[in-house]
Structure formats: C-alpha cells, structure tokens
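Everything on this sheet refers to the single structure shown next.
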Amino acid sequence: EPTIQALRELGAFGLQVPVELDGVGLTNTQYARLTEVVGGNDLGVGIFIGAHQSIGFKGILLCGTDEQKAQYLPKLATGENFAAFALTEPSSGSDAGSIKTRAELNAEGTHWILNGGKIWISNGGIAEIFTVFCKTPVVDEKTGTVTEKVSAMIVERAFGGVTHGPPEKKMGIKCSNTAEVYFENTPVPVENVLSQPGDGFKVAMQILNNGRFGMGAALSGTMRTVIQKACEHATARIQFGSRIDGYGAIQEKIAKMSMIHYTTESMAYMVAGTMDSGYEDYQLEAAISKIFASEAAWFVTDEAIQILGGMGYMRSMGLEKVMRDIRIFRIFEGTNDILRLFVALVGIQFAGGHLRELQSAISNPIGNFGVVLGEVAKRGKGAIGIGTGNTLADKVHPNLSDSAALTCKAVDAMGQAVEKVLIKHGKGIINEQFILNRLANATIDIYANASVLARCTKTLNEDLDSAHHEEMMTKVWCNESYARIMDNLNQLKNPEVLDNFKTMAKISEGVCAKVAPVQGNPLGF
C-alpha cells in the first residue's frame with residue numbers, strides 16, 4: 001500500500017488522461033519515456049500500472065463518450081479505482097471471437113444482464129472497473145436478422161454479481177495481481193456499452209494496438225539495466241590474467257546486446273512519434289515493436305546471465321527475476337506467433353490491392369497507359385536485377401548511404417517475394433504459415449532498419465557525443481539485417497526448403513497423434 005500511495009502521488013495511474021479529468025495528460029512519447037524508466041527498475045510494477053491504464057481503462061479513453069469519460073476517468077486517473085481488461089477465457093485466447101461470456105437485454109431494455117467468466121485477468125482481484133467483452137444479440141437494421149456479436153462494456157464491481165478467484169501463482173511479474181473474474185447476472189446499464197453493441201472486436205483491437213507501443217519502451221529500459229549489470233561484471237572480472245571484456249567472445253555478446261537494445265529503443269520511440277504525429281494507422285508498427293522488443297529482451301537477458309556465469313544464475317544478482325518477468329511479454333496482448341501472421345497478412349493485403357488495381361488497368365490498357373507502362377518498366381528492371389535504387393539516399397546522413405542502399409534492396413526483394421507468393425497462392429496464402437512467418441521476419445527487420453537509420457541520421461546531424469558509436473551500431477545492424485532478410489525471402493523460392501515445410505507439418509502431425517515423441521528410447525526401454 002505505501003508503494004501504491006506513492007505512485008498515486010506521482011500521478012502514475014493517469015499518465016495519458018487529460019488534465020481536466022485529473023490526469024497528467026502526457027503524449028505517447030512522454031508516456032514511453034516514463035515506462036522505460038519503470039521497465040528499468042521492475043517490470044512487475046510496470047505491468048500493474050500498464051494493466052490499469054494501457055489496456056484497463058484505455059477503451060474509455062479511446063472509445064468512450066464524454067459522459068463515460070467524465071464518470072469514470074477521474075477516479076481511475078487518481079488511483080482511487082483500478083481498472084482491468086477482461087477478454088481472455090478458457091476457450092478463447094488469440095481467437096477473441098470464440099468467447100462464451102454473454103449478455104442479454106432485460107425486458108425493460110435498460111440493462112444488459114452479464115454472465116460468464118474470464119481468466120488470467122491482470123488486476124482482476126483488485127479492480128473496481130472492468131472493460132468486459134461478451135457476446136450479445138445484435139439486430140441487423142437492414143434485414144432484421146439477429147446475430148451474435150462481440151460487444152464491449154464498462155462494468156463496475158459495485159453493479160453486483162462480480163467475484164474473483166485467488167491470485168494466480170505465476171512464473172514472474174509476481175507483484176501484479178492476476179486472477180479469474182466471474183459475472184453472475186450482473187446488470188450493466190445500456191449506456192455503459194463502448195461504441196455500439198457489436199463493436200467489441202473493433203474496440204478490443206483499438207485498445208491492444210494502442211497499448212502495445214509502451215512495451216517496446218518498457219523493455220528498452222529493462223535491457224539498459226541488464227546491459228549495465230553485464231558490463232559491470234565483465235570489466236571487473238579477471239580470467240587468464242585479463243579482464244574478460246577484452247576477449248572476443250564476450251565482446252561479440254556485448255556488441256550484439258547493445259545493437260539489439262539500440263534498435264528496440266529506436267523502434268519504440270519511432271512508433272510513439274508516429275502516434276503523436278496524428279497518424280491513426282500505426283497498428284502494424286506497434287505489433288512489430290512488441291514482437292521485436294519482447295524477443296530482444298529475452299536475448300539480452302539470457303546473454304547477460306551467460307556473461308556473469310555462475311553469478312548470473314544466483315538470485316541475488318536479480319537477473320533471474322528479470323528473465324521470469326520478461327517471458328510473459330511474448331505471450332500477452334497478442335502472442336508473437338499470431339502477431340507475426342498479422343504483420344505478414346496486413347502487408348499482403350496492401351500488395352493484393354495493388355495487384356488488383358494493376359489487373360484492372362491491364363483490362364483497359366489505353367485508358368490506363370501510364371499505370372501499365374510504369375509497371376512494365378518496374379518489373380522489367382526487377383527481372384534483370386535492377387531495383388528502384390537508393391531512394392533513401394537523400395533522407396539519411398551521407399555516412400549511412402550504403403546502409404540505406406541495402407535497406408532499399410531489401411524492400412525491392414520483399415516486394416517481388418510478396419507478389420510471387422500472392423500469384424502462386426492467392427487467397428490460400430492465409431493458410432501458408434511457414435511462408436507468412438518468413439515474410440513477417442523480413443518485414444520486422446526492414447522496419448528495424450528504417451528506425452535505426454532515422455535515429456542515427458538525427459544523431460549525426462546534431463553531432464552528439466555518441467554519434468560515431470551509433471553509426472557503428474547502425475552499419476553493422478543493417479549489414480546483418482540485410483543477410484537475414486534475404487535468407488528469409490530466398491527460402492520462399494527454394495524447393496528444398498518448401499519441401500521441408502511440408503515434411504515438418506507431417507512430423508508435427510505424427511507427434512501430436514501420439515501425444516509424445518514418436519520414437520522410443522535408444523536403449524529400447
């Protein structure tokens with residue numbers, strides 16, 4: 001309670017709530033900076049704060065009416081009440097459309113009567129206000145037919161019929177309360193629906209897309225602290241007569257940890273800046289940042305433990321707690337596996353629309369001569385290995401021109417790869433997850449390149465003290481990233497690799513059919 005009270009006094013529970021509603025009114029970039037500081041100290045506290053405002057009441061902030069905001073946000077912003085985001089159920093994790101919790105209108109049409117249960121709800125045992133997602137009957141105004149659709153509702157514990165289970169015993173983030181929440185004939189006023197009945201999925205996506213950007217910043221803070229601990233040990237540890245930070249194996253680890261942290265940090269603030277600039281279509285960038293940051297933090301922490309050796313394995317060093325805490329970030333607010341498919345399919349959707357536009361132009365070549373001629377010229381160049389050139393040359397610092405050129409080549413290769421898989425698979429591409437994962441990996445690396453090139457250009461232009469160091473990291477990152485991108489894209493046209501994908505599917509089917517490894521022990525017993 002003393003810690004929570006101190007956080008209340010700091011205004012930590014309403015960081016992005018407008019000042020006129022008793023919040024702090026921070027921009028996304030300012031919020032990212034604060035979450036970075038918190039992430040560098042304790043991710044459990046970060047999850048407690050984030051579950052409350054990053055997703056807990058974010059639906060009210062983004063989609064609420066003026067009346068809903070005025071009614072709920074002041075007490076939430078001051079920490080008098082806590083909020084929780086209640087979506088996950090035993091039968092619905094990534095598949096939000098399969099939820100079983102339902103609400104029916106009462107006879108008077110004044111309240112929705114809510115029944116169901118939710119699992120793994122952060123702040124579930126302490127929240128007074130819940131953003132609950134449930135199935136509701138929705139009447140189609142045009143046809144009059146009734147269909148089941150997901151709706152989002154603001155539910156108060158005080159409405160009655162709201163209970164919770166004991167705190168879950170988790171691997172990490174132990175100071176964050178996680179519990180099951182149950183609703184039994186809970187009456188919810190009709191005016192507490194967010195947006196409109198049936199808009200629940202859209203509301204959920206708005207909340208999650210908006211909330212994800214903070215993860216990259218928080219985990220940047222975590223990585224900065226972890227790297228500091230690793231370097232403190234490496235510069236003090238003497239082995240074979242020398243400090244271990246002078247050995248190549250350790251140098252490679254520290255360099256890679258530093259580059260991946262620099263990239264994560266660049267990406268996090270790029271997304272926050274994009275949001276602050278007023279762009280509403282940032283869902284892809286936010287998803288990429290979440291995927292990258294959660295995997296980067298795991299890599300950096302694992303390598304730090306390795307650098308510390310036996311000391312890293314001791315609880316007193318604090319790294320084992322960090323590793324337990326960060327593991328959840330690859331799972332919640334959209335698993336990285338599902339988000340990779342999302343990243344790939346969103347990009348393909350754009351490319352598919354472009355192809356359809358081209359097909360339409362080709363059907364009327366006289367009226368669309370310019371479009372067709374431009375495409376013929378572009379594809380002709382691509383076929384003989386001539387790309388669009390270094391279109392970023394005038395956007396980056398001259399020292400980074402070669403790195404920008406590699407990124408442009410990667411973008412050209414990506415475009416050709418997407419076009420070919422679309423032509424080959426058509427709408428069936430949604431079932432080709434081996435292919436989609438590789439497209440997603442290439443997309444993530446391309447966005448990472450763009451982020452570090454933009455940041456390093458700014459640093460070089462301002463001649464900051466760290467400019468040369470950032471330039472080195474950016475150049476090595478872009479070189480290695482280009483190799484990864486091309487490897488991922490080349491796999492999509494390699495017959496042996498494609499056959500391996502099919503074989504791996506069969507291997508998985510065999511193991512799952514037996515619910516165990518298919519082969520016996522080599523000793524025969």
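Values in this document were obtained by computation on a predicted structure and should not be read as measured data.
When all heavy atoms of S122 and A51 are compared, the closest pair comes out as CB-CB, 3.5 Å. Heavy-atom minimum distance, A442 versus M414: CB-SD, 3.9 Å. The minimum heavy-atom distance linking S266 with R455 is given by the pair OG-CD, 3.0 Å. Of all heavy-atom pairs between A217 and A32, the closest is CB-O, 3.3 Å. Residues T131 and G56 come closest through the heavy atom pair OG1-O, 2.8 Å. Between P18 and L61, the shortest heavy-atom contact is CD-CD1, 3.9 Å.
Judged by distance alone, the side chain of E303 and the main-chain N or O of M257 form no donor-acceptor pair under 3.5 Å. Checking side-chain atoms of K58 against main-chain N and O of I207 turns up no donor-acceptor pair under 3.5 Å. Judged purely by atom type and a 3.5 angstrom limit, D325 uses its side chain to pair as donor or acceptor with the backbone of I173. Here the side chain of S401 pairs no donor or acceptor atom with the backbone of H397 at under 3.5 angstrom. Side-chain atoms of T222 come within 3.5 Å of backbone atoms of G39 as a donor-acceptor pair (strictly under, hydrogens ignored). Looking at S151, its side chain does come within 3.5 Å of a backbone N or O of G198 through a donor-acceptor pair. Of the possible donor and acceptor atoms, none in the side chain of D42 sits under 3.5 Å from a partner among the backbone N and O of V38. Without hydrogens or angle criteria, R438 side chain to N488 main chain gives no donor-acceptor distance under 3.5 Å. The backbone N or O of M223 lies less than 3.5 Å from no partner atom in the side chain of H261, so there is not a single donor-acceptor pair. Without hydrogens or angle criteria, D276 side chain to T27 main chain gives no donor-acceptor distance under 3.5 Å.
The OG atom of S54 sits 10.0 Å away from the CG atom of L15 when rounded to the nearest 0.5 Å. Of the inter-residue distances, the one linking Y269 atom OH with S451 atom OG reads 13.5 Å to the nearest 0.5 angstrom.
Between F13 and F82, a ring centre-to-centre spacing shorter than 6.0 Å is recorded. Checked against the 6.0 Å centroid criterion, the rings of F85 and F133 qualify as a close aromatic pair.
R484 forms a cation-pi arrangement with W477, by the criterion of a distance under 6.0 Å to the ring centre and an angle within 45° of the ring axis.
A donor-acceptor pair shorter than 3.5 Å cannot be found between the side chains of E320 and Y313. A donor atom on one side chain and an acceptor atom on the other are not found under 3.5 Å apart for K202 and S195. Looking at N210 and Q283, their side chains never bring a donor and an acceptor atom within 3.5 Å of each other. Residues N441 and R340 bring a donor and an acceptor atom of their side chains to less than 3.5 Å of each other. Remark: the T235 side chain and the D245 side chain contain no N/O donor-acceptor pair separated by less than 3.5 Å. Donor-acceptor pairing under 3.5 Å is lacking for the side chains of D445 and Y482. N336 and K290 form a side-chain donor-acceptor contact under 3.5 Å, judged by distance and modelled atom types alone. Residues S220 and E36 bring no donor and acceptor atom of their side chains to less than 3.5 Å of each other.
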One pair to check against side chain to side chain donor-acceptor pair (under 3.5 Å): E285 and Y447. What are the steps and the verdict? CA-CA 8 Å; E285 292 89 340; Y447 185 68; 5.3 Å; no
Start with the C-alpha gap between Q433 and D337, add the side-chain angles, then the distance that decides, and say whether side chain to side chain donor-acceptor pair (under 3.5 Å) holds. CA-CA 10 Å; Q433 294 189 4; D337 312 86; over 6 Å; no
Evaluate the criterion side chain to side chain contact (heavy atoms under 4.5 Å, CB included) for residue pair T407 and I485; output intermediate values, then yes/no. CA-CA 9 Å; T407 301; I485 292 166; over 6 Å; no
Would you please test Q491 and D487 for side chain to side chain donor-acceptor pair (under 3.5 Å) and show each step? CA-CA 6 Å; Q491 287 185 44; D487 178 57; 3.3 Å; yes
Using the side chain to side chain contact (heavy atoms under 4.5 Å, CB included) rule, take I430 and L341 through it: C-alpha gap first, then chi angles, then the decisive distance, then the call. CA-CA 8 Å; I430 63 172; L341 301 180; over 6 Å; no
Does R330 form a side chain to side chain contact (heavy atoms under 4.5 Å, CB included) with T335? I'd like the steps, not just the answer. CA-CA 6 Å; R330 286 152 63 189; T335 68; over 6 Å; no
Step-by-step side chain to side chain contact (heavy atoms under 4.5 Å, CB included) determination, D402 to L406: CA-CA 6 Å; D402 289 345; L406 283 178; over 6 Å; no
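Residue E462 places its CD atom among more than 12 non-hydrogen atoms of other residues, nucleotides or ligands, all under 6.0 Å distant. More than 12 heavy-atom neighbours from other residues, nucleotides or ligands sit within 6.0 angstrom of CD on E480. Remark: E252 CD is loosely packed, at most 12 non-hydrogen atoms of other residues, nucleotides or ligands lying under 6.0 Å away. Few gaps surround CG on N494; more than 12 heavy atoms of other groups in view lie less than 6.0 Å from it. The number of heavy-atom neighbours closer than 6.0 Å to OH of Y279, taken from other residues, nucleotides and ligands shown, is 12 or below. Within 6.0 Å of NE2 in H425 there are more than 12 heavy atoms belonging to other residues, nucleotides or ligands. A 6.0 Å sphere centred on NZ of K409 holds no more than 12 heavy atoms belonging to other residues, nucleotides or ligands. Around the NZ atom of K475, the shell of radius 6.0 Å holds more than 12 heavy atoms that belong to other residues, nucleotides or ligands.
A salt bridge does not link R212 to E333: none of the charged nitrogens lies less than 4.0 Å from a carboxylate oxygen.
Q16 has its side chain out of reach of V24: every pair of non-hydrogen atoms, C-beta onward, lies at least 4.5 Å apart. The closest side-chain heavy-atom distance from I326 to S294 is not below 4.5 Å. Side-chain atoms of N500 and F434, non-hydrogen and from C-beta on, never get closer than 4.5 Å to each other. Residues I47 and F332 have side chains in contact (heavy-atom distance under 4.5 Å, counting atoms from C-beta outward). In this structure, the side chains of V226 and V322 come closer than 4.5 Å at one or more pairs of heavy atoms. With a 4.5 Å cut-off on side-chain heavy atoms, K256 and V300 do not count as touching. Considering only heavy atoms from C-beta on, L436 comes within 4.5 Å of I429 through its side chain. L492 places none of its side-chain heavy atoms less than 4.5 Å from the side chain of V497.
Of the residues listed (L453, V396, T263), the one engaging T474 in a side chain to side chain contact (heavy atoms under 4.5 Å, CB included) is L453, and it is the only one.
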